[in-house]
Asker: 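Input: one structure, supplied below.
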2 protein chains.
Amino acid sequence: MGFAHHAGPGTPVTTADARHVARVMSALATPSRVRILARLREGASTVGELALAVEMEQPAVSHQLRILRDLGFVLGNRNGRHVIYGLYDSHVAALLDEALRHIEHLRAGDTTTPTEEHA
Amino acid sequence: MGFAHHAGPGTPVTTADARHVARVMSALATPSRVRILARLREGASTVGELALAVEMEQPAVSHQLRILRDLGFVLGNRNGRHVIYGLYDSHVAALLDEALRHIEHLRAGDTTTPTEEHA
DNA sequence: TGCTGGCATGCACATGTGTGCATGTCAAAC
DNA sequence: GTTTGACATGCACACATGTGCATGCCAGCA
């Protein structure tokens with residue numbers, strides 16, 4: 001009755017794959033990390049700048065950056081006293097864009113009203 | 001020194017956007033939901049079939065299906081005594097593929113060894 | 001060498017969340 | 001109408017996780 005099949009790239013998706021996907025996608029599962037990545041998409045910056053931009057305490061930003069680093073989303077290297085962070089590569093930006101495009105797509109068809117929209 | 005800029009589609013990504021993205025992407029942030037979606041990508045199926053496929057208790061599957069429904073990922077309609085679930089549209093499958101493609105991409109460059117691979 | 005700035009790390013805690021178990025609900029079969 | 005099958009819901013709990021606070025570490029500067 002009109003489901004979306006797709007049949008995909010044939011990939012059966014093993015249990016290990018599922019766990020891996022979940023781990024990686026969990027990077028985008030919290031507003032703070034999304035904001036950090038979004039800010040980094042506009043250009044590399046230091047931890048302090050990020051903290052100001054996303055309005056978080058510096059340690060909190062460092063913690064999230066560590067997670068994003070372990071997941072291969074960002075990459076930081078020292079420059080004097082600062083550590084400059086940036087997106088690992090353009091593929092990360094692409095994934096972010098895909099996510100944004102997805103919610104935009106949902107906003108169009110708006111299936112079930114996100115549960116909260118009370119401003 | 002070689003960061004990935006991108007400058008994106010100009011979207012500044014508001015705080016609300018970040019929260020929305022996080023909410024939506026959290027659907028892919030757990031292995032069980034990824035497995036459910038992966039199974040559904042191969043074709044629609046009933047809750048019982050899903051439970052068997054992903055090796056979860058039926059109530060657990062129902063709970064996750066409810067989440068996936070609220071997020072607009074899946075869609076279920078009754079057929080006799082069964083409720084047949086399927087991906088909401090091909091865009092969901094596309095997002096899943098993008099996620100799989102991403103981890104595959106990481107596996108190639110393998111930046112920081114996912115912290116656990118001891119199996 | 002001592003001091004300050006910039007990040008990272010440890011620890012503790014509050015919160016969110018996935019799952020098991022029991023139960024409720026609805027449709028089909030008798 | 002009663003019973004059975006399939007799924008949904010409520011509740012409780014264990015667990016993971018994000019953040020604040022204090023502290024440690026390292027580079028640059030006087």
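Just so we're on the same page: letters track the sequence lines, and every chain starts at 1. Predicted model, so just to flag it, every value in this text is computed and none were measured.
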Asker: Categorize A:Ser26 for me: base, sugar-phosphate, or nothing, with a 4.0 angstrom heavy-atom threshold over every strand shown.
Answerer: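 Here A:Ser26 touches no strand at all.
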Asker: At less than 4.0 Å, is any side-chain N or O atom of A:Tyr85 found next to OP1 or OP2 of C:dG6? Yes or no.
Answerer: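 Answer no for this pair, as no side-chain N or O of A:Tyr85 is under 4.0 Å from OP1 or OP2.
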Asker: Provide, to the nearest angstrom, the distance between the CG atom belonging to B:Leu52 and the C1' atom belonging to D:dC7.
Answerer: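 To the nearest whole Å, that distance equals 14 Å.
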Asker: Do any side-chain nitrogens or oxygens of B:Thr30 fall under 4.0 Å of OP1 or OP2 in C:dT17?
Answerer: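 No, because none of the side-chain N or O atoms of B:Thr30 sits under 4.0 Å from OP1 or OP2 of C:dT17.
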Asker: Return yes if some donor-acceptor pair links the side-chain N/O of A:Thr46 with the main-chain N/O of A:Glu49 below 3.5 Å, else return no.
Answerer: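 Between the backbone of A:Glu49 and the side chain of A:Thr46 there is a qualifying donor-acceptor contact (under 3.5 Å).
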Asker: Looking only at side-chain N and O atoms, does A:Thr46 come under 4.0 Å of OP1 or OP2 in C:dG6?
Answerer: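 Answer no for this pair, as no side-chain N or O of A:Thr46 is under 4.0 Å from OP1 or OP2.
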Asker: Assign each of A:Gly80 and A:Ile67 to its nearest nucleotide of DNA chain D by heavy atoms, then name whichever residue's nucleotide is nearer the 5' end.
Answerer: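 The residue mapped nearer the 5' terminus is A:Ile67.
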Asker: Where the side chain of A:Val83 is concerned, which of C:dG6, C:dC7, D:dC7 is the nearest nucleotide?
Answerer: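 Ranking C:dG6, C:dC7, D:dC7 by closest atom to the A:Val83 side chain puts C:dC7 first.
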Asker: If the cut-off is 4.0 Å, is A:Arg78 near the phosphate of C:dG6, judged by side-chain N/O to OP1 or OP2?
Answerer: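 Answer is no, no contact under 4.0 Å.
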Asker: Could you pull out the closest heavy-atom pair between A:Gly72 and A:Tyr88, with the gap in Å?
Answerer: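 Here A:Gly72 and A:Tyr88 meet closest at O-CB, 3.4 Å.
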Asker: Work out which heavy atom in B:Ile103 is nearest to a heavy atom in A:Asp17; give both atom names and the distance.
Answerer: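 So the minimum-distance heavy-atom pair works out to CD1-O, 4.3 Å.
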Asker: Looking only at heavy atoms, which two atoms of A:Leu95 and A:Met25 are closest? And how far apart?
Answerer: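 So the two residues come closest at CD2-SD, 4.3 Å.
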Asker: Specify the separation, in whole Å, of atom CG of A:Asn77 and atom C1' of D:dC26.
Answerer: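 The answer, rounded to whole Å, is 16 Å.
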Asker: Expressed as a whole number of angstroms, how long is the span from A:Gln64:CD to C:dT9:C1'?
Answerer: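 About 14 Å, once rounded to whole Å.
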Asker: Looking at B:Phe73 and B:Ala27, what are the two nearest heavy atoms and their distance?
Answerer: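 The answer is CE1-CB, 3.6 Å.
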Asker: Measure from CZ on A:Arg81 to C1' on C:dG5 and round the result to the nearest Å.
Answerer: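 So the two atoms are 5 Å apart, to the nearest Å.
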Asker: Write down the distance between CG (B:Leu71) and P (C:dG18), rounded to a whole number of angstrom.
Answerer: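 Roughly 11 Å, once rounded to whole Å.
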Asker: Tell me which residues in residues 54-63 of chain B lie within less than 4.0 Å of DNA chain D, going by non-hydrogen atoms.
Answerer: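 Within residues 54-63 of chain B, the residues near DNA chain D are B:Gln58, B:Pro59, B:Ser62, B:His63.
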Asker: Looking only at heavy atoms, which two atoms of A:Leu40 and A:Gly86 are closest? And how far apart?
Answerer: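 Heavy atoms only, the tightest pair is CG-CA, 4.1 Å.
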Asker: Could you state the CG-C1' distance from A:Asp70 to C:dA8, rounded to the nearest angstrom?
Answerer: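 About 13 Å, once rounded to whole Å.
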Asker: What is the distance, rounded to the nearest whole Å, between atom CG of B:Leu65 and atom C1' of C:dT19?
Answerer: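 Whole-Å distance recorded here is 14 Å.
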Asker: Test side-chain contact (heavy atoms from CB on, under 4.5 Å) on A:Ile84 and A:Ser45 and set out the steps.
Answerer: CA-CA 5 Å; A:Ile84 312 220; A:Ser45 84; 5.9 Å; no
Asker: How close or far is atom P of D:dT19 from atom CZ of A:Arg66, stated in whole angstroms?
Answerer: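 Roughly 16 Å, once rounded to whole Å.
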